[in-house]
Amino acid sequence: MLKVTVIEKKDAENCPIRDVLDRIGDKWSILILCVLEDGEKRFNELKRTVGDITQRVLTNTLRKLEADGYITRQVIPTSPPKVSYALTERGRDLLALIVPIIAWAETHHDKIRESRHAYKTQE
């Protein structure tokens, strides 16, 4: 059984659960990691593949993923410079843990949406 350590309010900023899940639990991070699973991608390719993400949000999310060591950013000195992103070993390790959750979400998505709709109609 997983044991969660209770963190006092004054130490909340040091809680590993909050710290890590806050960064990867946003709307875009996991999608970006999934897109990078099959190899290095350039910025515009990521933007096209993810779809409805803005350039600013994609840039910020990529910076956070790079800062945490999930992806690498490589600048190719051409004119204009080309930038590509790839998963690191840490990113691959994380993705391996997330894949079962993604599969679960895909399997249960229809029923979850039905539950949401039923809940709304109760109100």
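Note that the structure is predicted; figures quoted are calculated from it, not measured.
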Please round to the nearest 0.5 Å and tell me the distance separating atom OG of S29 and atom CG of L65. 4.0 Å

Might you work through the side-chain contact (heavy atoms from CB on, under 4.5 Å) test for L62 and F43, ending with a clear yes or no? CA-CA 9 Å; L62 289 168; F43 184 90; 3.8 Å; yes

Does the side chain of T72 come within less than 4.5 Å of Y85's, by heavy atoms? no

Please step through side-chain contact (heavy atoms from CB on, under 4.5 Å) for the pair L46 and L36, ending with a clear verdict. CA-CA 8 Å; L46 282 167; L36 291 172; 3.9 Å; yes

Using the rule given for side-chain contact (heavy atoms from CB on, under 4.5 Å), can you reason through V83 versus I76, listing the C-alpha separation, both sets of side-chain angles and the distance that settles it, and then say yes or no? CA-CA 6 Å; V83 179; I76 302 146; over 6 Å; no

Any non-hydrogen side-chain atom of H117 less than 4.5 Å from a side-chain atom of T121? yes

What pairs meet the side chain to side chain donor-acceptor pair (under 3.5 Å) rule with one or both residues in residues 40-62, with sequence neighbours excluded? E40-S84

Nearest 0.5 Å please: distance from the OG1 atom of T88 over to the CG atom of L33. 8.5 Å

Could you tell me whether E114 and K111 make a salt bridge, using a distance below 4.0 angstrom between a side-chain N and a carboxylate O? yes

Please report the shortest heavy-atom distance between R90 and D68, naming the atom on each side. NH1-O, 2.7 Å

Got a sec, which residues hit side chain to side chain contact (heavy atoms under 4.5 Å, CB included) with I112, two or more places apart in sequence or on another chain? W104, H108, R116

Say you draw a straight line from CG of L21 to CZ of R18; how long is it, rounded to the nearest 0.5 Å? 11.0 Å

Pair Y70-L94, side-chain contact (heavy atoms from CB on, under 4.5 Å): steps then yes or no: CA-CA 8 Å; Y70 300 117; L94 173 61; 3.7 Å; yes

CD/E66 to CD1/I71 distance, rounded to the nearest 0.5 angstrom? 6.0 Å

Might you point out which heavy atoms bring V75 and R73 nearest each other, and give the distance in Å? CG2-NH1, 3.4 Å

Under a single-linkage definition using a 4.5 Å side-chain heavy-atom cutoff for Ile, Leu, Val, Met, Phe, Trp and Tyr, are L97 and V99 assigned to the same hydrophobic cluster? no

Contact between L58 and I32 at the side-chain level, heavy atoms closer than 4.5 Å - yes or no? yes

